[in-house]
Amino acid sequence: MRQRALADFGDFVLEHDDLDAILTEGCRLISKALGTDLAKVIEIEAETGTGLVRAGIGWNEGIVGKERVSLAEQSSEAFAVKTAKPVICNDISDETRFHFPKFLRAHGVVALINVPIFLPGRTPWGILQVDARRPRDFDGDDIDFLKTYAMTLGPVIDRLRVVAERDDIRKEVLQRDERLHHIIDAMGEGFGVLAPDFTILEHNREAARMDGRLREEIVGRSHWEAYPGTEDAEVGRVLKQAMAEQTPATLEHFITLPTGSLWLEMRAYPVDNGCLAVFWRDVTQRRAAIDALRESEARLIATFESVPAAIAAIDRSGKAVLANQRYLRLIPSGMLPSRDLEAFARWRGWDDEGRPLKPEEYPGARALRGEIVLPGQELLHTDENGVETWFRVANVPTRDAQGDVTGLVTVITDISESKAVEAALRASEGRLQTLIEGIPQLVWRAAPDGSWTWASPQWEKFTGLPREASRGDSWLAALHPDDRGAARQAWAEATATQRLAFDCRVHDVAAGEYRWFQTRALPVHHAGGTIREWLGTCTDVHDLRQLQERQRVLVGELQHRTRNLIGVINAMCDRTARSSRDFDEFRAKYRDRLDAMARVQGLLSRLSPDDRITFDELIETELAALDGDETAGKVTMTGPRGVRLRSSTVQTLAMALHELTTNALKHGALGQDGARLEVDWALEQQAKGKPGEKEPWLRIAWRETGVRMQDGESKGSGQGRELIEKSLPFQLGARTAYELGPDGVDCTIWIPVSKQHEATGVGG
């Protein structure tokens, strides 16, 4: 049975060359011959120190081709390989010499026998092992049988391994040749190989495409035959020299092929067998591009020359590779000033805060870092004669296809004239600013639609509105609410009338009150006649308006006072005439009374800001204008001296006192015997607008007694009484009480006075 198994195995080996199939068939025949259902072949893998279950019979899936056994010294497999002796374990449960893999016990293996497999030359290759699921008495005959199998397997394995290695080498060579041809055909340029006699040995796909003929039409022919006329041309001379000297050669030449005429770049390299490897690159488009580039550069240079600035293309080293004549005249060495600071020490630049630039901050250095420096840095250049010139240098980095900076384009413009104009403009603006800030008006600027764009410091200080808070229509917030509508209406009509004029009240933030301002503006026009902006002023006319109002009142009062004065003069003249014995006496008395009246008018004219008229002065002056005989023993005055009257109240109050005096002289206590006049005044503190606040008021009491009232006479009526009862409250904020009693006039006047006054008594 064992002999039959060996014979069958021999026949199988002769008919097959698949090693795995041969090993598997061997395991099957051995297992059958020894009466076991498990057998395997383990291939040694020295690099991992393990053995792979290469083939087997009876094993579960996942064992053959995957499971590995350790070739450590305590394994039966390692022992067999190391000692070159077979191993018999008839019952592994009693075995103490070796450790066994887990998958053996998982398959129920109880006994095993193995022998090493050697290749010719006694090189260990693996182990042939038979496993049994029950105890066995493996003996020497079993060992001999397995050895015979192992000795048969060794040469078979070696032969098949050599065949496999040879096949692998052949496949690798074929694959390498195929890859090489693919690479050659995939090259973006033509490739060929010339034998020493210039026979074409290789011609790739790109070369065939440029040539327009199939590879088979070219390969095997002489280069001179395939390309007539080239042997005696420059290309033939270069190829012959490269072949003879076995040195590389390069040539760019023009050739006519079946596909058309081309510019080719040829590169020839010698190879070990005396041949030449030749590369051809179609550079027709590149040559066209170069020609176009030259034309473009010519146009660019012409453009550069027409620009009124120094322009240059600078490489990374700082050299000008393209420049116009202005640049070459400005910088003869072709160096960029911001790149060679030592060579151009006379160039100076400053940052935005006026500090000298550091070398790394110059425009060229920044551009070479990839920054676009526009509109440019201003630099000052001083030539050998000490003449200073201002330039503006703008730089833009140039980049390659990968985005890396390759250099820069610099534009240097002479801005000396504009700098001079700017300096003159700044000086002019400075003078204008000084003028604007020095005038007392509030100055402003506005857009064509009336939106404010600027306000002077005077406006900010007066209104408390910051300049930004006055832009647009926000300036209206400083106007009195009742005047804002008129301001808007004036602006609505300004474009048509080409002028702006209106009066308004503007809030004085310091005084906490509104003051009248006269607003005037005129347009500034563009060259075409359209309005560019408005320039306007606000002039304080508050005091003028008050003076005008005061003048109007004074004129009215003057007319009224003139009439009263004429009446007084007439009465005085009549009384003086009746009381005079002759003309000389009349003339003396009359002159004295006129002088007294002049003194009253002189007193009323004392209106300086720092001077105040006191009430006692006023009443005494008014009564002093009368004849002493008429007032002697008739007038009693009681009150404090030095009560200072407000300047705004003196004239009106004097007129009221004059009316009372005139009335008393004509009809009352000063014109009748036995009648008396009492003038009493006192200071009183009265409540102001806010709770707790008080201000001084003067109470004036005018009382006549002993007056004989006559029928048909109008005493205390007409303009005098109207002045007391209406003008004093309206103009001075006073309070009055006027009563015509049975024996004379009883009038009381309350009027606010200056807070600064003296308080010394007076009586008599």
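On a predicted model such as this, the values are computed, not experimentally measured, just so you know. All values below come from the heavy atoms of this structure, side chains included, with hydrogens, waters and symmetry mates left out.
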Item to check | Sole residue of W516, F517, Y514 in ring pair (Phe, Tyr, Trp, His ring centres under 6.0 Å) with H480 | outcome: Y514
Checklist entry - Does anything in residues 448-460 pair up under salt bridge (charged side-chain N to carboxylate O under 4.0 Å, His left out), and if so which pairs, sequence neighbours excluded? => result E460-R467
Checklist entry - Can you pull the salt bridge (charged side-chain N to carboxylate O under 4.0 Å, His left out) pairs that have at least one residue in residues 506-524, sequence neighbours excluded? => result D503-R520, E513-R515, R515-D540, R515-D543
Kindly indicate whether the side chain of [X], heavy atoms from C-beta on, has any atom under 4.5 Å from the side chain of [Y].
| X | Y | value |
| --- | --- | --- |
| T705 | E678 | no |
| V635 | L670 | yes |
| V679 | T636 | no |
| V506 | T463 | yes |
| W681 | P640 | yes |
| T410 | I311 | no |
| V643 | L683 | yes |
| M637 | L623 | yes |

Please check: side-chain N/O of [X] versus main-chain N/O of [Y], any donor-acceptor pairing under 3.5 Å?
| X | Y | result |
| --- | --- | --- |
| S456 | W444 | no |
| K634 | G671 | no |
| S451 | A447 | no |
| T497 | R499 | yes |
| R646 | I751 | no |
| D746 | Y738 | no |

Measuring from atom [atom1] of [X] to atom [atom2] of [Y], what distance do you get when rounded to the nearest 0.5 angstrom?
| X | Y | atom1 | atom2 | value |
| --- | --- | --- | --- | --- |
| E493 | T495 | CD | OG1 | 10.5 Å |
| T736 | R721 | OG1 | CZ | 9.5 Å |
| L698 | I749 | CG | CD1 | 9.5 Å |
| Q731 | E549 | CD | CD | 8.5 Å |
| F391 | D414 | CZ | CG | 5.0 Å |
| L500 | L535 | CG | CG | 12.0 Å |

Checklist entry - Does any donor atom in the side chain of R735 or Q686 lie under 3.5 Å from an acceptor atom in the other side chain? => result yes
Checklist entry - Quick one: do the W702 and E704 side chains pair a donor with an acceptor below 3.5 Å? => result yes
Item to check | Contacts of F502 that satisfy ring pair (Phe, Tyr, Trp, His ring centres under 6.0 Å) - sequence neighbours left out | outcome: none
Determine all donor-acceptor pairs shorter than 3.5 Å in which one atom belongs to a side chain in residues 469-477; sequence neighbours excluded.
residue: S470; atom: OG; partner: W459; partner atom: NE1; Å: 2.9
residue: S470; atom: OG; partner: P466; partner atom: O; Å: 3.3
residue: R471; atom: NE; partner: E468; partner atom: OE1; Å: 2.8
residue: R471; atom: NE; partner: E468; partner atom: OE2; Å: 3.2
residue: R471; atom: NH1; partner: T453; partner atom: O; Å: 2.7
residue: R471; atom: NH2; partner: E468; partner atom: OE2; Å: 3.4
residue: S474; atom: OG; partner: R471; partner atom: O; Å: 3.2
residue: W475; atom: NE1; partner: G472; partner atom: O; Å: 3.3

Checklist entry - Of all residues at least two apart in sequence or in a different chain, which pass the side chain to side chain contact (heavy atoms under 4.5 Å, CB included) check with F730? => result none
Next on the checklist: Going by salt bridge (charged side-chain N to carboxylate O under 4.0 Å, His left out), name the residues that satisfy it together with R505, two or more places apart in sequence or in a different chain.
Outcome noted: D483
Checklist outcome for this item: Those residues at least two apart in sequence (or on a different chain) that pass salt bridge (charged side-chain N to carboxylate O under 4.0 Å, His left out) with E684 are R699
Taking all non-hydrogen atoms of both residues, which atom of [X] and which atom of [Y] are closest, and how far apart?
| X | Y | answer |
| --- | --- | --- |
| A446 | W491 | CB-CH2, 4.1 Å |
| Q672 | H667 | NE2-O, 3.3 Å |
| I724 | P729 | O-CD, 3.5 Å |
| A669 | V707 | N-CG2, 3.6 Å |
| C538 | T519 | SG-OG1, 3.4 Å |

Contacts of [X] that satisfy side chain to side chain donor-acceptor pair (under 3.5 Å) - sequence neighbours left out:
| X | result |
| --- | --- |
| E695 | W697 |
| E739 | none |
| W534 | none |
| Q546 | none |

With a 3.5 Å cut-off and sequence neighbours excluded, list the donor-acceptor pairs that the side chains of residues 521-533 form with protein atoms.
residue: H525; atom: NE2; partner: Q498; partner atom: OE1; Å: 2.7
residue: E533; atom: OE1; partner: R445; partner atom: NE; Å: 3.2
residue: E533; atom: OE1; partner: R445; partner atom: NH2; Å: 3.2
residue: E533; atom: OE2; partner: R445; partner atom: NH2; Å: 3.3

Checklist entry - Does D673 CG have over 12 foreign heavy atoms under 6.0 Å away? => result no
Next on the checklist: L653 and side-chain contact (heavy atoms from CB on, under 4.5 Å): which single residue from I613, I700, I619 fits?
Outcome noted: I700
